[in-house]
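Okay, structure first, notes after.
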Protein chains: 2
Amino acid sequence: MNKINSACALCENKNCFIQKLPSQRLSWVDAKKYTVCFPKDQNIFWENAEVNGIHFIKNGKVKVFSSGLNKKDKVVRLAGDGHIIGHRGYGAEQYPVSAATLSESTICFIDNGSLYELFMTNPVFTYTMMMFYSQELRKSEQRAKYNSQMSSKERIIAALLYAKETFGYSQTDLNAQILNVYLTRSEIASIADTTAEEVSRTLTILESEKHILKKGRNIQLLNEKKLLDLIRDYGIYDNADS
Amino acid sequence: MNKINSACALCENKNCFIQKLPSQRLSWVDAKKYTVCFPKDQNIFWENAEVNGIHFIKNGKVKVFSSGLNKKDKVVRLAGDGHIIGHRGYGAEQYPVSAATLSESTICFIDNGSLYELFMTNPVFTYTMMMFYSQELRKSEQRAKYNSQMSSKERIIAALLYAKETFGYSQTDLNAQILNVYLTRSEIASIADTTAEEVSRTLTILESEKHILKKGRNIQLLNEKKLLDLIRDYGIYDNADS
DNA sequence: AAAAAGTGATGACTAATGTCATATATTAAA
DNA sequence: TTTAATATATGACATTAGTCATCACTTTTT
């Protein structure tokens with residue numbers, strides 16, 4: 001967790017939201033931001049903690065989740081390079097969710113005050129940010145819709161494709177389409193709104209149907225298009241863009 | 001559907017978002033907006049139609065819904081006086097949802113171009129709007145969370161309380177807490193992510209438990225607090241504000 | 001290497017809730 | 001008013017998916 005600030009202008013991550021600011025503004029951000037490298041499986045912020053700003057993922061893998069009372073945690077979102085986290089809390093007193101790293105991750109933080117200054121002086125930036133929220137809202141409700149209409153099997157497939165969408169395939173073995181993230185059965189279950197047992201069973205079925213291959217802790221998607229076809233009726237990826 | 005424009009400055013609805021603009025800006029809006037009175041059960045906009053702007057409910061009752069393929073429509077949101085509709089679509093090509101009136105409603109419309117001008121020249125307005133989106137996102141995910149953790153009975157109670165939250169009680173009989181909106185069993189089911197039959201059954205049970213009273217087409221909440229207690233564990237109304 | 005902790009797979013069982021069928025109200029239309 | 005159309009209530013049944021229990025397999029710790 002060392003502070004490792006560097007100049008936004010030189011940042012290799014051009015998907016970052018901050019890059020949408022006028023370039024002369026970037027050095028101002030450099031002075032305000034706070035960049036930290038988190039090891040794997042570390043909380044970035046906690047549900048119900050005070051909201052102090054927004055986090056920008058320079059690189060890494062993050063899950064955003066909220067805790068049910070009796071039941072297990074619910075993974076609300078996966079986020080990777082260039083994505084924002086903590087924006088759900090922005091404008092509220094406390095975070096409605098927690099965030100934790102799924103792998104070592106470098107994350108930049110900008111505090112509320114600095115953000116407000118940016119928002120007040122850069123209408124296009126603010127507008128872009130607002131459009132991002134609008135899009136997130138659409139996605140959230142899209143997901144709510146298919147959660148209520150899909151079978152557990154379909155939701156599990158959707159969760160696998162979502163993980164692929166967010167983190168892509170492993171770069172070590174480019175030909176094999178191996179998900180570039182390790183998620184426990186419980187975590188997949190949580191994304192897919194079901195139980196770990198159901199995920200185990202379903203993955204076994206999907207493997208027997210030659211849709212996936214379980215490779216140790218990792219999952220290979222043998223035919224992404226076919227998987228997509230199994231759930232396409234719901235129009236999930238119609239307005240996908242992240 | 002007559003155009004019935006009037007001055008925003010004189011509008012009795014002070015909850016409207018437009019009222020957050022500097023007062024000298026309101027007459028500018030007057031020239032741009034388009035106010036229409038819709039009869040009951042009329043579509044305001046359609047899913048997949050081109051998005052041309054945002055609608056502001058001056059007064060009335062509206063449901064926002066999206067159509068599943070095989071299954072029935074899903075009610076995404078209820079909206080009343082002062083609420084915005086169509087903001088989900090803003091920034092996208094097409095509306096992800098439809099909106100229809102549940103009662104006669106007067107609705108003001110502002111086109112994309114005018115909105116953009118407002119957003120570029122009124123940072124506080126834009127910021128407020130962004131915070132609204134942020135809040136809607138929190139609510140949407142809060143709802144997704146409890147949809148996945150509550151029983152159907154609890155979700156139906158939550159739907160009733162949501163209708164109360166949005167439209168309040170009937171003004172004709174102030175002492176009786178009669179929901180100020182008529183929703184079919186199917187519509188309630190759609191809000192509560194269940195079936196019309198389950199709603200019928202559950203309402204009968206809730207009546208036998210003296211929590212509600214079915215009065216013809218309307219529903220009376222006999223003890224709102226008790227109903228709230230039945231679902232409070234989920235923290236649904238913790239950050240409620242609409 | 002052995003032990004312990006965590007994770008995954010799978011069978012048996014249960015409970016919740018969706019589906020279907022039918023009867024009954026209620027509202028709208030003829 | 002009669003008829004038709006729509007909405008609601010309720011029973012019987014089917015099915016999905018959750019729960020519990022057990023075993024096997026991995027990874028980490030000692």
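In what follows, chains are A, B, ... by sequence order, proteins preceding strands, each numbered from 1.
- When only modelled atom types and interatomic distance are considered, S170(A) and T172(A) share a side-chain donor-acceptor pair under 3.5 Å.
- The 5' end of DNA chain D is approached more closely, in terms of each residue's nearest nucleotide, by T184(B) than by the other of T184(B) and R201(B).
- The side chain of R155(B) approaches dG18(C) more closely than any other nucleotide in the set dT10(C), dG18(C), dT10(D).
- Taking 4.0 angstrom as the limit, Y182(A) places a side-chain polar atom (N or O) nearer than this to OP1 or OP2 of dG8(C).
- In this structure, F132(A) has its ring center closer than 6.0 angstrom to the ring center of F17(A).
- The side chain of R217(A) lies closest to dT7(C), out of dT10(D), dT7(C), dG18(D).
- Side chains of R155(A) and S151(A): a donor-acceptor N/O pair is absent below 3.5 angstrom, by distance only.
- For a distance-only test at 3.5 Å, the side chain of R185(A) fails to qualify as a donor-acceptor partner of the base of dT26(D).
- Residue K214(B) is in sugar-phosphate contact alone, with no base atom involved, counting any heavy-atom pair closer than 4.0 Å across all strands shown.
- Using a 4.5 Å heavy-atom cutoff, the side chains of Q42(B) and P39(B) are in contact.
- In this structure, T195(A) reaches the dG18(D) phosphate: one of its side-chain N or O atoms is under 4.0 Å from OP1 or OP2.
- With distances taken from any side-chain atom of S200(A) to the nucleotides dA9(C), dG18(D), dT8(D), the minimum falls on dA9(C).
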